[in-house]
Amino acid sequence: MVCLTTPYKLAPDLMTSAEVANKLPKDFIWGFTTASFQIEGSTNVDGRGKSIWDDFSKQPKKTMDGRDGDVAADSYRLWKEDIALLAHYGVKSYRFSLSWSRIIPLGGRNDPVNPRTLYHWDLPQALHDRYGGWLNKNEIVQDYVHYAKVCFQALGDRVKHWLTVNEPWCVSILGYGKGIFAPGRSSDRERSPEGDSSTEPWIVGHNVILSHAYAVRLYRKEFKAVQGGQIGITLNGDWTMPYDDSPQNVEAAQHAIDVVIGWFADPVYLGHYPEYMKQMLRQRLPEFTPEELKVVKGSSDFYGMNTYTTYFCRSGGDDEFQGFAEYTFIRPDGTQLGTQAHCAWLQDYPEGFRDLLNYIWKRYKLPIYVTQNGFAVKDESSKSIEEALQDTDRVNYFKGNTASLKAAVLEDGVDVRAYFPWSFLDNFEWADGYITRFGVTYVDYETQQRYPKESAKFLVKWFGDNVDAGDR
């Protein structure tokens with residue numbers, strides 16, 4: 001479960017009407033984002049139970065640098081300093097996730113709630129061991145809804161924007177298809193002793209949708225009227241462009257979007273799975289009952305978008321998880337699409353961000369909250385602190401994407417309500433360990449000192465200059 005909070009406000013500016021017309025609206029939400037397991041550390045204190053990432057990240061070769069999340073950015077211990085830094089940046093909002101196994105250590109609806117204390121990939125290990133976790137529809141939906149209820153009861157008077165699940169495609173495909181994320185299940189027996197990549201990802205995705213939808217139904221029935229919040233889901237997905245104008249490649253680009261985005265967005269917003277997925281998977285794609293579909297359709301107040309890059313797509317790929325589209329960053333003329341990040345899957349292409357915003361707005365017709373967007377500078381972890389703070393490639397990434405965001409809103413009429421760069425802090429980047437850095441704040445993992453990068457300064461200034469301050 002992920003929360004958006006808005007504890008800080010900016011000082012007012014005096015602007016002409018023409019200046020206001022060229023700015024994002026005064027109620028536009030911006031801030032930074034993190035996730036519990038990636039920053040908290042302190043995995044064995046205050047009664048926290050294990051998540052599926054605790055033991056998984058300790059297994060040999062599961063992370064690039066062989067390191068785990070036991071310390072991460074130490075934010076569980078340094079939370080006051082981190083909140084002070086957010087205040088220093090002057091941000092209006094902070095998107096963070098709650099740790100299920102810190103709140104309910106064993107995770108289940110009949111398990112005790114941790115008195116000391118919603119989902120960003122860290123399922124309680126006890127639920128995975130007890131009944132298979134996300135693979136068991138009858139159990140996981142009930143346990144997730146119970147967990148959500150505990151969160152609504154404890155925090156709903158302060159949290160006004162809830163995200164139920166972060167990136168269900170990653171939960172399903174990377175955790176149960178490719179096996180590179182916890183719990184690491186896959187048909188590849190060199191990687192995992194158990195799992196079925198042909199069936200389990202689609203079962204998990206289906207059960208995640210249902211868990212989300214029934215948690216939303218609970219919130220709307222029991223909490224929304226009093227607490228006055230909004231609730232939705234956030235989906236990953238990048239823009240895909242045909243490699244050329246051939247019908248096969250145009251079709252391949254759409255198939256890629258259908259499998260990565262439409263798999264979850266179409267049921268939640270339109271009430272059905274994409275036709276291409278039905279054709280591709282046939283009996284392997286689970287079906288919703290009529291009663292379930294009534295709960296699923298319309299189960300998000302907005303479109304939560306996590307996006308990072310753009311790909312060219314060609315037909316003839318061999319990866320079912322990409323809709324059998326072949327991804328590339330290389331144009332037909334041999335040039336690269338954009339600046340290469342540290343991760344092989346990410347290049348800078350702001351025009352694609354604008355195109356994706358327009359596609360989502362036209363297809364699903366709900367306000368868009370951009371809940372993750374960011375860039376990992378190549379070889380940043382091997383640079384000195386002084387060099388890393390001058391993160392020019394990341395600054396250029398955000399220059400392009402903020403310009404595309406503003407153009408989409410003011411020129412194209414896309415209803416974008418929020419933008420949260422990933423990430424507030426350098427952190428434990430899942431299978432990448434600590435080698436890959438996405439933060440706008442540099443973390444020295446030896447001392448846990450925080451240092452603002454140039455990208456943080458750019459973003460703070462850009463939003464100060466480009467959001468209408470109104471009468472605040």
Side-chain angles (χ1 to χ4, degrees), residues 37 51-53 55-57 59 61-64 119-123 125 127-129 131-137 140 144 165-212 233-238 240 252 255-268 273-274 276-287 306-309 311 313 316-327 343-346 429-432:
F37 191 80
S51 78
I52 53 176
W53 272 93
D55 290 343
F56 180 80
S57 62
Q59 296 175 30
K61 299 182 180 180
K62 296 302 184 184
T63 62
M64 286 185 181
Y119 184 75
H120 196 125
W121 305 354
D122 49 353
L123 180 78
Q125 182 68 45
L127 300 189
H128 181 74
D129 295 340
Y131 54 71
W134 289 113
L135 288 166
N136 189 320
K137 181 176 81 170
I140 194 64
Y144 182 81
V165 179
N166 182 79
E167 299 183 349
W169 185 93
C170 294
V171 175
S172 308
I173 298 302
L174 302 185
Y176 296 82
K178 295 181 180 294
I180 58 177
F181 278 13
R185 295 176 65 86
S186 169
S187 293
D188 181 353
R189 289 295 166 259
E190 292 185 2
R191 181 178 294 278
S192 173
E194 55 187 10
D196 184 345
S197 301
S198 70
T199 59
E200 289 188 3
W202 317 114
I203 294 169
V204 168
H206 191 77
N207 294 343
V208 169
I209 292 171
L210 288 169
S211 298
H212 148 78
I233 192 169
T234 197
L235 309 177
N236 62 289
D238 299 311
T240 53
H255 290 169
I257 285 186
D258 286 344
V259 174
V260 178
I261 294 176
W263 176 12
F264 300 96
D266 280 17
V268 168
Y273 280 123
Y276 174 70
M277 287 195 67
K278 295 177 184 177
Q279 297 168 13
M280 182 180 81
L281 297 175
R282 299 185 183 276
Q283 72 275 9
R284 288 184 291 140
L285 183 65
E287 295 183 0
N306 288 4
T307 189
Y308 288 83
T309 194
Y311 298 103
C313 284
D318 59 3
D319 190 343
E320 182 174 70
F321 303 144
Q322 296 176 182
F324 295 107
E326 180 185 347
Y327 287 2
C343 346
W345 53 267
L346 173 54
E429 281 293 342
W430 305 113
D432 283 14

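Quantities reported herein were computed from a predicted structural model and do not represent experimental measurements.
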Fill in: Closest contact, heavy atoms only, Val260 versus Tyr327
CG2-OH, 3.9 Å
Worksheet item: Out of curiosity, Asn236 CG to Ile261 CD1, how far, rounded to the nearest 0.5 Å?
Response: 8.0 Å
Practice prompt. Looking only at non-hydrogen atoms, find the nearest pair between Gly323 and Val259 and report the distance.
Written response: CA-CG2, 3.6 Å
Fill in: Validation row: Tyr273, Leu281 side chains within 4.5 angstrom (heavy atoms)
no
Response to the item:
Looking only at heavy atoms, the pair that brings Ser172 and Phe264 closest together is OG-CZ, 4.0 Å
Item to complete: Over 60° means perpendicular and under 30° means parallel, so classify the ring planes of Trp53 and Phe181, tilted if in between.
Response: perpendicular
Item to complete: Kindly give the heavy-atom pair with the smallest separation between His128 and Arg185, and that separation in Å.
Response: CE1-CD, 4.2 Å
Worksheet item: Can you find a pair of side-chain heavy atoms, one from Met277 and one from Asp266, that are under 4.5 Å apart?
Response: no
Discussion item. Is there a side chain to side chain contact (heavy atoms under 4.5 Å, CB included) between Trp202 and Ile173? Walk through the geometry before answering.
Written reply: CA-CA 8 Å; Trp202 317 114; Ile173 298 302; 4.3 Å; yes
Fill in: With sequence neighbours excluded, residues passing side chain to side chain contact (heavy atoms under 4.5 Å, CB included) with His255
Glu251, Asp258, Tyr276
Item to complete: Answer yes or no: is there a donor N or O on one side and an acceptor on the other, between the side chain of Tyr311 and the main chain of Trp345, under 3.5 Å?
Response: yes
Item to complete: Could I get the full list of side-chain hydrogen bond (donor to acceptor under 3.5 Å, both in side chains) partners for Thr307, not counting sequence neighbours?
Response: Asp238
Worksheet, complete the sentence: Note: Cys313 and Ala252 closest approach over all heavy atoms is CB-C, 4.3 Å
Discussion item. Test side chain to side chain contact (heavy atoms under 4.5 Å, CB included) on Val204 and Leu135; report intermediate values, then the result.
Written reply: CA-CA 5 Å; Val204 168; Leu135 288 166; 3.7 Å; yes
Worksheet entry | CZ (Arg282) with more than 12 external heavy atoms under 6.0 Å | no
Item to complete: Find the distance between CG (Asn207) and CD (Glu200) and round it off to the nearest 0.5 Å.
Response: 11.0 Å
Worksheet entry | All side chain to side chain contact (heavy atoms under 4.5 Å, CB included) counterparts of Lys62, not counting sequence neighbours | Phe56, Gln59, Arg191
Worksheet entry | Straight-line distance of Tyr176 OH to Cys170 SG, nearest 0.5 Å | 13.5 Å
Discussion item. With rounding to the nearest 0.5 angstrom, report the CG to CD1 distance, Leu285 to Ile203.
Written reply: 10.5 Å
Item to complete: Please report the closest heavy-atom contact between Ser187 and Ser198, naming both atoms and the distance.
Response: OG-N, 4.3 Å
Practice prompt. Would you please name every residue forming a salt bridge (charged side-chain N to carboxylate O under 4.0 Å, His left out) with Asp55, sequence neighbours left out?
Written response: Lys50
Discussion item. Working to the nearest 0.5 angstrom, can you tell me the gap between Trp169 CH2 and Leu174 CG?
Written reply: 5.0 Å
Worksheet item: Less than 4.5 Å apart, any side-chain heavy atom of Trp134 and any of Ile52?
Response: no
Discussion item. Test of understanding: with side chain to side chain contact (heavy atoms under 4.5 Å, CB included), list the residues that count as partners of Asn136, not counting sequence neighbours.
Written reply: Tyr131, Asn138, Glu139
Worksheet item: Within a strict 4.5 Å, meaning less than it, do heavy atoms of the Glu167 and Val171 side chains meet?
Response: no
Fill in: Set of salt bridge (charged side-chain N to carboxylate O under 4.0 Å, His left out) partners for Asp319, sequence neighbours left out
Lys178
Discussion item. Rounded to the nearest 0.5 Å, what separates atom CG in Asp432 from atom OG1 in Thr63?
Written reply: 9.0 Å
